[in-house]
Amino acid sequence: MPVPPHARGYASFGGTIGRTSADSTPEWTYPPTAPAGAPNIVVVLVDDMGYSDIGPFGSEIQTPTLDRLAADGVRLSNYHTTPLCSPSRAALLTGINSHRAGFGFVANADPGYPGLRLELADDVLTLPEILRENGYATYAIGKWHLVRDATMNPSAHRDSWPTQRGFDRYYGSLEGLNSFYYPNQLVSDSSVVDVEEYPEGYYLTDDLTDKALSYIKDLRAHDAEKPFFLYFAHVAMHGPLQAKAEDQAKYRGRYAEGWDELRRRRFAEQLAQGLFPPGTAQKPRNTEPGYEAAEWDSLSADEQRRYAKYMEVYAGMVDSIDQSLGRIVDLLEDLGELDNTIIVFTSDNGGTAEGGPEGTRSYFAEFAHIDDPDWIGDVPHDEDLIGTAKLGVHYPRGWGQASNTPFRFYKGQTFAGGVRVPLVVSWPKGLPRNGSDSGIRHEYAYVTDLAPTLLELAGLDRPSVRNGLPAKEFDGVSAAELLRDPAAPTRHTEQYSEMTGHRGFYRDGWKLLSLHEAGTDPDAPSWQLFDVRADPTELHDLSAQYPDKAAELAAAWDESAWNNTVFPLLTRADLFRRRPEEARFTSPVRLLPGTPTLERYRSQRLIAFRDFTITADLTGAHRTAAESGADTAVAGYRTGDEGVLVAHGDPLGGYLLYAENGEVVLGFNSYGRYASARAPLPAGTREITVRATVRPHLRWDFVVEADGVPVAELPEQVQLVGMAPWTGISVGVDARGPVSWELRERRGTFRYTGTLRAVTYTPGPIHVPQRTIDEVEREAEYVAE
C-alpha cells in the first residue's frame, strides 16, 4: 500500500514503507567519511616565537624533534604571517585575510566595524569545519584567542568558541596569554573547568600535551581508521615567561655573552644552512626610539647576569615545546601513522619588544604607570625566582631582536621581524625528499595559504555554504606544488598587511612598508621601499630611487585595504572603544558560596579605575548538635571561624580577605609586592566590608569595617589595572593561583569554615581621567597580542 500523501516524516526516506516491516525496506544514512588513506593533520602553532628560535632556523636551543622533522621535510624560509596573534589565528584557520575574517586586531577590544568584529562571522568557514565535513575528527588544544574577552564568560553566546567553529573537542585557554603554573581559566569543550587548586608540579604545556595525546588515543580505541586534525596552539612563548627548573637548567650560563653575540652566531648558522643567499647582511641592532636594543657590552655586570637569566627561561620554554611535539610524534610512531601524518610547525608572529629595554620584572605592573622611582613590583627581586610561578616576567627586548634574527623590529610591526617566522612541514608519505632537494623553499608564502594547502594535500573539497550563507572564498592559495617541487614558483604574488597603523604591501619581490608612530595620523604613512629578493633583511630603502614603484604599491595597498575591510583606520582611543552593553558588567553582583570562580574580564570590570565596596555577609543558618540538628539563625562570626572570605587574583596581582586567629586580614598583592592590614574581629560580627577609594597616581586607599565600624586601613596601594587581577573572584576560598604565597604555603586554598551567606560587590564611580584609562588599557590589551 503506498504512503498516504498527507503522511508526514517520510518525504526524504529512500527505502520503502508498508504497514509492517514485512512489506517495508530499510535505509540508513551515514555521516561523511574521509577518502581512503587520507592523512592525519597536525598543526602546531607557537605564540610570539621569532624566526631564529628553533634549530632548523639557526638556533642553539635543543629542538631534536623539529630537527628530525625538518631533515626529512620542508622548510619555508620566506613564510609570512600577520604581526599579532588573533589576526594570525583567524587567517590560519580560515584561509581568509585577517580583516575580512573580522580580526584586524586582537580579541580584546570592540570598536564596532566590520574588520574589527573580533569574532568569526557566520559566513566564515574554518578549516576544522571543512575537515569535519570531509570525515575528520577535529581537536583543538591550547590558546584560542578568537573570542572577545567580553564573551568568555559562561552566560555569553559561544558562536566563536572552538566547538562552535568545527572542533569536536577543545581543551585550553580562551585568553591571549596565561600563567603556566596557575592558569586563570581553562575550558574543556564548551565549559569552564572548575579548578580550585592545581596539583603539585603542574605545568600548562604538559597538561595540554597530555590532553592532546588522550584525544588521539581515545579516537584510536574506537576507530582505527578515521583521520584526525589536531590544532595545537601553544600558550608559550607568550609572557609571562615561566619554565620548569629542569628545562631552565639546560641553558644555565649559555647566554652570558649576550644578545649581540647570539645574533651573530644564529645568522652565521642560518647562512650555513642555506636559509639566505650568500652576501645577505644582517640588520644592525634596532636603534629607533622605542624599539632600540642596548649594546650588550654597554650593560653592567649585574644587568648582564640578570638579563641572561631571562633568556635561559625563554630557551627552556622553547625546549619544552619541542618535547611536547616529540611526545606527539612518538605516539604517531607507536600507532604506525607518522608517515601518513602532515605535521606543520610555525609561529603566529615574531618575537616581542613588550618587555621593554630592561625586561618586565612584574608583567602587569608595566601598565600601572607607577611613578615611584624605588618601585620594584616583585620585592624581593630574587633572580632565582625569574621564570618560576612566583614571578610573571618577560625578557628585555634585546632578546626579542635576537629571536627575530636577522630581521628588524618586532611583533606588532609589519617589518620582517614582526611577520617573517619559521615554517616546517613534514609528511613522509606525501612529500618525500630526494637527494638533490635541500628541503628549503625560498618562495613567498603567507599564513592564509595554509588552509588551502592542507586541503589540496589531503585531496579534500571545500564547501561553498556555511549555515545557509555563501561562504567567503579563500584569500590564500595552495602552496602544495611549492612544497613538492623546489623549482616551483609561488602562486601568492601580492599581499597587504596592516596593524594599528603599521602598513605593508608585497608584490613580486617588492615590499612597501610603513612604521606608524603613536599619536600621529594613522592615514599618513611614511613609506619605505625594499627589493626583498636582493635585500631580504630590509636594509636599503629604495623609495627615493624608485618613486613610481612606491606610488604603485601605495595605491595597491589602498585598493586592497578597501577590499579587505581594513578601513576605517582607528586612532588608539577609538580602537579600544567598547560596546555600550558592557556597562552591565559594572552593576552590583551578589556571589554565593560555591559559585565557580568568576571569569577574569567580568571580575575586573567591577573594580577597574573605580571606587568599590565588598561586603561579606556572615549571617545565615547554622546547625549544632546541642540544638538536635535544628537550623537556627546565626548572629555572625564565631570565635574559631577561619578561612578566606573572598579572593581576587594570583601571584601577578590581587587581594583577599580572610579570618584567622581571631583577626580579619586584608592582603593586597601589588603585582608581586605584598602588604596586609589586620585587626581583631569581634565575635558576632555580621558583616565585614572592604571599601576601596581611588587616590591620585593610580592608587587605592582601603578601609576594612566590621558591622560598619572601621577596624583596619591599608592606604596608598597601587591600583590593579590593565589586565590585572588575572584570576577572577572566588568566594569562600582562594582558588587557583595564590594571592599570598605565605598564606598558601601555610593553609592551602584555606576554605572558610564559618557561615558565609554571600559576598556582594558594589562598584562605585570612576575617578581616573579618561586619558589615563585609554593609555593604560591600550598598553594592557596590546600585551594580549
Side-chain angles (χ1 to χ4, degrees), residues 84-87 90 98-99 101-121 144-161 174-177 184-185 364 367-369 412 499-501 518 522 565-589 598-612 648 694 698 719-726 728-729 761-785:
L84 299 182
C85 67
S86 293
S98 57
H99 292 82
F103 279 89
F105 191 56
V106 291
N108 299 83
D110 195 6
Y113 296 105
L116 293 159
R117 294 183 75 255
L118 305 177
E119 289 194 331
L120 296 170
W144 183 240
H145 210 196
L146 293 176
V147 174
R148 282 189 293 107
D149 47 17
T151 59
M152 291 189 300
N153 65 80
S155 72
H157 71 86
R158 291 167 168 80
D159 293 355
S160 203
W161 286 36
L174 299 177
E175 296 271 15
L177 59 118
N184 69 339
Q185 179 173 282
F364 296 129
F367 319 122
H369 292 261
M499 190 59 57
T500 62
T565 65
V566 174
F567 293 113
L569 300 172
L570 303 181
T571 65
R572 287 285 183 161
D574 290 333
L575 179 59
F576 289 99
R577 182 187 296 119
R578 296 285 184 160
R579 64 180 62 194
E581 289 80 358
E582 284 196 26
R584 63 189 176 85
F585 287 164
T586 60
S587 300
V589 59
L598 204 64
E599 185 273 325
R600 186 268 304 173
Y601 183 73
R602 174 73 177 92
S603 297
Q604 189 218 35
R605 294 295 89 186
L606 296 168
I607 69 169
F609 303 104
R610 62 178 71 246
D611 298 347
F612 63 93
H648 185 186
V694 170
L698 283 178
Q719 284 189 41
L720 300 167
V721 296
M723 302 182 83
W726 186 239
I729 298 167
Y761 274 75
T762 306
I766 288 178
H767 290 299
V768 181
Q770 186 62 41
R771 178 191 59 78
T772 302
I773 296 174
D774 292 341
E775 189 175 32
V776 170
E777 291 198 338
R778 178 191 75 219
E779 295 187 14
E781 304 297 3
Y782 193 68
V783 162
E785 300 152 10

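Phe103 places none of its side-chain heavy atoms less than 4.5 Å from the side chain of Leu116. Residues Asp149 and Arg600 are in side-chain contact: their nearest non-hydrogen atoms beyond the backbone lie under 4.5 Å apart. Taking the side chain as every heavy atom from C-beta outward, Gln719 and Ile607 never approach each other to under 4.5 Å. Put simply, the side chain of Val589 reaches to within 4.5 Å of the side chain of Leu606, judged on heavy atoms. Using a 4.5 Å heavy-atom threshold, the side chains of Phe105 and Leu570 count as separate. Looking only at side-chain heavy atoms (C-beta outward), Val694 and Phe609 stay at 4.5 Å or farther from each other.
Qualifying side chain to side chain donor-acceptor pair (under 3.5 Å) partners for Glu599, counting only residues two or more places apart in sequence or in other chains: none. Partners of Arg148 by side chain to side chain donor-acceptor pair (under 3.5 Å), not counting sequence neighbours, listed by chain and number: Asp110. In terms of the side chain to side chain donor-acceptor pair (under 3.5 Å) criterion, residue partners of Arg577 (sequence neighbours excluded) are, by chain and number, Asp574.
Although no hydrogens or angles enter the test, the distance criterion places no donor-acceptor pair under 3.5 Å between the side chain of Ser98 and the main chain of Gly104. With Ser603 contributing its side chain and Ile729 its backbone, the two residues share a donor-acceptor pair below 3.5 Å. Counting only distance, with no hydrogens or angles, the side chain of Arg602 and the backbone of Phe585 share a donor-acceptor pair below 3.5 Å. Checking side-chain atoms of Arg158 against main-chain N and O of Pro154 turns up a donor-acceptor pair under 3.5 Å. A donor-acceptor contact shorter than 3.5 Å links the side chain of Ser160 to the backbone of Leu146. Counting only distance, with no hydrogens or angles, the side chain of Ser86 and the backbone of His145 share a donor-acceptor pair below 3.5 Å.
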Could you walk me through whether Leu575 and Thr500 satisfy the side chain to side chain contact (heavy atoms under 4.5 Å, CB included) test, starting with their C-alpha distance in whole Å, then the side-chain angles of each, then the deciding distance to 0.1 Å, before giving a yes or no? CA-CA 8 Å; Leu575 179 59; Thr500 62; 4.0 Å; yes
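The minimum heavy-atom distance linking Pro763 with Arg610 is given by the pair CB-CD, 3.6 Å. Shown here for Cys85 and Val106, the closest heavy-atom pair between the two residues is SG-CG1, 4.4 Å. Between Ala109 and Pro111 the shortest heavy-atom distance is C-CD, 3.9 Å. Closest of all the heavy-atom pairs between Val147 and Ala107 is O-CB, 3.4 Å.
For the 3.5 Å distance criterion, the side chains of Glu175 and Tyr601 fail to qualify, holding no donor opposite an acceptor.
Between Thr151 atom OG1 and Leu174 atom CG the span is 8.5 Å, to the nearest 0.5 Å.
Aromatic ring orientation, Phe612 versus Tyr761: parallel (interplanar angle below 30°, classes split at 30° and 60°).
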